[in-house]
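See structure below.
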Amino acid sequence: MSTNTVRVRFAPSPTGHLHIGGVRTALFNWLFARRHKGVFILRIEDTDTSRSTEESIHGIIEGMKWLGLDWNEGPFRQTERLDQYRAHVERLLAQGGAYHCYCSAEELEARRAEALAKKQTPKYDGRCRTRKEPLPGRATAVRLKAPQTGQTVVHDIIRGDVVFENSQLDDLILLRSDGTPTYNLCVVVDDAEMRISHVIRGDDHLNNTPRQLHLYDAFGYEPPQFAHVSMILGPDKARLSKRHGATSALVYREMGYLPEALLNYLARLGWSSGDQEIFSLQEMIDKFSLEQINPSAAVFNPDKLLWLNSHYMKEAAPERLAHLLRDHYLAEREPAARSMPIEQAVKIVTALRERTKTMAEMADFSMCYVEEEINPEPAAAAKFLTPAVKPALADLAQRLAELPVFDEPSQHVAFEAVMAAHQLKMAQLAQPVRVALTGRTVSPGIYDVLQLLGKDRVLSRLKKALDSIGGQTG
RNA sequence: GGUCCCAUCGUCUAGCCCGGCCUAGGACGUCGCCCUCUCAAGGCGAAAACACGGGUUCGAAUCCCGUUGGGACCA
């Protein structure tokens with residue numbers, strides 16, 4: 001295989017749901033891989049067994065599949081590669097590139113607290129670095145013998161060169177005293193062995209990068225290129241988290257967002273291509289470049305995501321939305337909806353997608369076309385189903401019942417006749433009819449409503465409404 | 001506290017690298033008008049930003065320095 005092949009990875013820790021910040025990182029990696037006809041790898045960083053769960057792994061994979069972020073290799077799991085990490089450490093130890101450290105976590109913590117108290121930078125003092133004889137009876141961690149002078153420069157594609165003084169970096173722990181490998185070790189071993197060409201990750205890892213570079217050096221590996229993407233912030237400019245609202249990709253699915261809307265939104269958060277706002281997946285792939293990524297952090301804006309979602313709902317094939325609506329969003333509200341003819345679902349989608357911004361909202365507005373009977377909202381009924389309009393409604397019911405063909409032109413004639421006979425304007429007639437038929441004051445055009453319900457339900461709901469109105473009869 | 005990153009409308013951004021075309025463009029949101037059987041959608045229009053201070057230069061949003069503010073990591 002050519003050494004020029006782009007190989008990138010998304011490496012989430014399965015300690016929670018698939019976070020939308022993670023989705024953006026995954027998307028940038030995926031776009032970069034597709035753009036360069038490279039390889040996208042999914043790697044599960046599950047070495048922290050106390051916090052990793054199978055449930056999280058399933059959630060991550062399900063989320064990735066929902067979004068269409070398909071991977072070429074993996075999912076690999078770090079817990080299946082522990083031998084690799086240990087072997088690398090053994091090798092380093094044998095070469096003198098690492099050493100045993102006998103300091104206990106408690107001692108280190110005490111020294112750190114002491115340093116902080118003296119307003120000094122807490123940093124490992126390297127006291128075990130030159131120890132010749134092992135201390136018997138003490139658990140040992142393994143540390144990297146890192147350079148203590150000079151500088152380490154991270155050549156970041158997004159930020160340019162970032163310089164670190166080696167004197168500021170301490171000898172990082174490779175293996176803890178309980179034998180478990182640390183994050184930096186695993187990442188470097190995996191990225192090297194998986195021949196990752198570009199590490200595209202959150203900039204919360206920028207500070208880890210010089211240490212990782214030391215590790216690449218120690219192992220004799222050529223380091224990859226780095227691109228550190230800034231964080232996604234909440235409205236208060238703090239890192240986006242649960243307290244800012246939904247952060248799980250799959251929760252956005254439940255809220256009725258389309259995957260292409262989320263992807264388009266996340267792509268434009270930190271990346272741009274001129275003034276373009278709407279990108280198909282293929283356009284994103286064609287135009288994506290790491291150099292165009294904005295180095296500054298971005299605030300997550302739910303309103304814009306919502307706008308994009310409504311845009312994509314209007315763009316999508318009605319049949320696709322109809323299946324989604326019926327089999328997912330409606331079915332979870334009313335299982336009987338599964339038996340709805342797909343043509344009916346298509347009609348509902350066509351009538352509602354201009355006025356609802358999510359699939360969940362569409363489902364809520366669809367219920368009155370799914371259920372056999374409805375109970376109008378009390379406030380709407382009180383305002384529009386009044387004795388004053390009762391004669392007109394009765395007249396309309398009569399005329400609609402007598403229509404030989406229940407189509408829009410005929411319905412139109414009936415409405416015109418009722419308006420003329422009762423001296424009513426369209427608004428005065430349509431609103432009561434709307435409330436009688438849908439139970440609320442907001443709906444698609446009244447003729448669309450008639451079509452969606454069909455003659456039987458129209459007549460029965462009009463009758464029910466008429467019966468509910470007190471006062472004069474007929 | 002130390003290290004590192006960042007800084008254009010409320011928000012996402014174009015412009016910045018290669019100073020003049022910038023009386024700073026687009027988008028979301030907001031407001032107004034039009035359309036209208038409701039709500040939307042759609043159309044038209046408006047308000048709204050170069051964090052601050054010094055340089056460099058004929059000229060700086062664009063280059064340099066500092067300040068301030070925010071963020072991340074060490075934890």
Side-chain angles (χ1 to χ4, degrees), chain A residues 108-109 112-113 115-124 152-154 156 158-170 172 183-184 201-211 228-240 264-279 291-311 313-314 351-357 361-362 365 380 383-384 411-412 415-416 419 424-435 437-438 440-450:
Chain A
L108 293 171
E109 182 49 49
R112 175 184 297 128
L116 279 177
K118 290 192 214 159
K119 303 246 181 203
Q120 291 169 344
T121 305
K123 177 173 177 279
Y124 178 64
T152 298
V153 181
V154 177
D156 191 275
I158 296 172
R159 283 151 219 280
D161 287 356
V162 183
V163 181
F164 295 84
E165 295 294 333
N166 289 336
S167 59
Q168 298 290 332
L169 275 15
D170 47 11
L172 73 121
Y183 167 78
N184 285 304
R201 71 204 337 179
D203 75 357
D204 45 343
H205 292 297
L206 184 55
N207 282 314
N208 281 325
T209 309
R211 299 168 221 273
H228 287 93
V229 180
S230 63
M231 303 273 87
I232 299 179
L233 275 24
D236 59 357
K237 308 271 188 179
R239 185 178 180 160
L240 190 68
N264 192 153
Y265 177 72
L266 258 12
R268 275 291 281 106
L269 200 61
W271 172 79
S272 61
S273 179
D275 283 340
Q276 190 169 344
E277 297 286 352
I278 307 290
F279 293 86
E291 287 76 12
Q292 286 296 321
I293 292 176
N294 194 327
S296 56
V299 174
F300 184 77
N301 181 240
D303 280 338
K304 191 152 186 178
L305 171 59
L306 195 59
W307 171 75
L308 274 166
N309 199 60
S310 65
H311 167 83
M313 281 175 62
K314 281 173 240 157
L352 287 178
R353 65 172 171 174
E354 297 278 299
R355 38 184 53 83
T356 55
K357 294 181 191 294
E361 193 189 358
M362 181 184 277
F365 272 85
K383 184 168 181 187
F384 292 106
Q411 293 156 6
H412 206 271
F415 268 75
E416 292 294 338
M419 286 188 285
L424 293 175
K425 290 178 180 172
M426 186 59 176
Q428 296 169 295
L429 180 59
Q431 273 308 76
V433 173
R434 174 167 285 116
V435 173
L437 297 185
T438 70
R440 35 175 121 196
T441 57
V442 171
S443 85
I446 202 67
Y447 299 113
D448 288 336
V449 171
L450 295 182

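Chain letters run A, B, ... following the sequence lines, proteins first and then strands; every chain starts at 1. Computed from a predicted model, the values in this text were never measured in an experiment.
Looking only at side-chain heavy atoms (C-beta outward), Ser230(A) and Asn294(A) stay at 4.5 Å or farther from each other. Between Thr438(A) and Phe365(A), every side-chain heavy-atom pair lies at or beyond the 4.5 Å cut-off. Counting heavy atoms from C-beta on, the side chains of Asp170(A) and Arg211(A) come closer than 4.5 Å.
In this structure, G66(B) forms a base pair with C52(B), meeting either the Watson-Crick or the G-U wobble geometry with both donor-acceptor distances under 3.5 Å. G1(B) is paired with C74(B) under the criterion used here, namely a Watson-Crick or G-U wobble arrangement in which both key atom distances are under 3.5 Å. Remark: A24(B) base-pairs with no nucleotide; criterion is Watson-Crick or G-U wobble with both hydrogen-bond distances under 3.5 Å. Base-pair partner of G42(B): C34(B) (Watson-Crick or G-U wobble, both distances under 3.5 Å).
For Asp161(A) and C4(B), the CG to C1' distance is 14 Å, given to the nearest whole Å. Put simply, CD on Gln276(A) is 13 Å from P on A14(B), counting in whole angstrom units. In this structure, CG of Leu206(A) is placed 13 Å from C1' of C74(B), rounded to the nearest angstrom. Atom CD1 of Ile293(A) and atom P of C6(B) are 14 Å apart (whole Å). Summarising the geometry, the separation between CD1 on Ile158(A) and C1' on C6(B) is reported as 13 Å, rounded to the nearest angstrom. Between Glu354(A) atom CD and U38(B) atom C1' there is a gap of 15 Å when expressed in whole angstrom units. Phe279(A) has its CZ atom 11 Å from the C1' atom of A14(B), to the nearest Å. A straight line from CD of Gln168(A) to P of G1(B) spans 16 Å, rounded to a whole angstrom.
A27(B) and A49(B) have their C1' atoms separated by 15 Å, given to the nearest Å. For C50(B) and G45(B), the C1' atoms lie 25 Å apart once the distance is rounded to whole Å. C6(B) sits 16 Å from U13(B) when the C1' atoms are compared, rounded to a whole Å. Taking atom P in both G2(B) and C64(B), one finds a spacing of 25 Å when rounded to whole Å. A gap of 16 Å separates the C1' atoms of U11(B) and G70(B), to the nearest Å. Only the C1' atoms considered, C58(B) is 12 Å distant from G19(B), to the nearest whole Å. Comparing A14(B) with C21(B), their C1' atoms sit 15 Å apart, to the nearest whole Å. The separation of A51(B) from A24(B), taken at their P atoms, amounts to 15 Å, rounded to a whole angstrom.
If you take CG on Leu305(A) and CZ on Phe300(A), they are separated by 5.0 Å, rounding to the nearest 0.5 Å. Annotation: the span from Arg353(A) atom CZ to Ser310(A) atom OG amounts to 11.5 Å, rounded to 0.5 Å. The line from CD1 of Ile232(A) to CG of Asn301(A) is 12.0 Å long, rounded to the nearest 0.5 Å. Note that the CE atom of Met313(A) and the NZ atom of Lys357(A) stand 10.0 Å from one another [nearest 0.5 Å]. Interatomic distance, Asn264(A) CG to His311(A) NE2, rounded to the nearest 0.5 Å: 7.5 Å. Taken to the nearest 0.5 Å, the NZ atom of Lys383(A) stands 8.0 Å off from the CD atom of Gln431(A).
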In a table with atom names and distances, give each donor-acceptor pair under 3.5 Å that connects a side chain of residues 269-276 of chain A to protein atoms at least two apart or in another chain.
residue   : atom : partner   : partner atom : Å
Gln276(A) : OE1  : Lys287(A) : NZ           : 2.7
Gln276(A) : NE2  : Ile278(A) : O            : 2.8
Gln276(A) : NE2  : Glu283(A) : OE2          : 3.2

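Residue Arg355(A) places no side-chain N or O under 4.0 Å from the OP1 or OP2 atom of U36(B). Here Lys314(A) reaches the OP1 or OP2 of G42(B): one of its side-chain N or O atoms lies under 4.0 Å away. Dashed line: the shortest gap from a side-chain N or O of Lys237(A) to OP1 or OP2 of C6(B) is not under 4.0 Å. Here Ser272(A) reaches the OP1 or OP2 of A14(B): one of its side-chain N or O atoms lies under 4.0 Å away.
Of the listed nucleotides (U3(B), A7(B), U38(B)), U3(B) has the atom at the smallest distance from the side chain of Phe164(A). Candidate nucleotides A7(B), C39(B), A40(B) were compared by shortest atom distance to the side chain of Val442(A), and C39(B) ranks first. Distances from the side chain of Ala430(A) to the nucleotides C37(B), C12(B), C5(B) place C37(B) closest.
Heavy atoms of Arg239(A) sit under 4.0 angstrom from primed sugar atoms or phosphate atoms, though from no base atom. Nucleic acid contact for Ile446(A): base, since at least one base atom lies under 4.0 Å from a heavy atom of the residue. Note on Gly270(A): only backbone sugar-phosphate atoms sit closer than 4.0 angstrom, heavy atoms only; bases stay farther off. Within 4.0 Å of Asn208(A), counting heavy atoms only, lies no atom of the nucleic acid at all. Within the nucleic acid shown, Pro444(A) comes within 4.0 Å of at least one base atom, counting heavy atoms only. If you check every strand for non-hydrogen atoms under 4.0 Å, Ser296(A) touches sugar and phosphate atoms only.
If Leu233(A) and Val299(A) are placed on RNA chain B by their nearest nucleotide, the residue sitting closer to the 5' end is Val299(A). Each of Val163(A) and Gly445(A) has a nearest nucleotide on RNA chain B; the 5'-most of these lies closest to Val163(A).
A distance-only check finds a donor-acceptor pair linking the side chain of Gln428(A) to the backbone of Lys425(A) [under 3.5 Å].
Counting atom types as modelled, Arg434(A) pairs a side-chain N or O with a base atom of C37(B) as donor and acceptor under 3.5 Å.
In this structure, Tyr183(A) has its ring center under 6.0 Å from that of His205(A).
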* Structure fact -> Readout for nucleotides 23-30 of chain B: B = base within 4.0 Å of protein heavy atom, S = sugar-phosphate only, - = neither; 5' to 3' it is --BBBSS-
Close N or O pairs between protein and nucleotides 43-45 of chain B (under 3.5 Å):
none

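Remark: the Asn166(A) side chain and the Thr152(A) side chain contain an N/O donor-acceptor pair separated by less than 3.5 Å.
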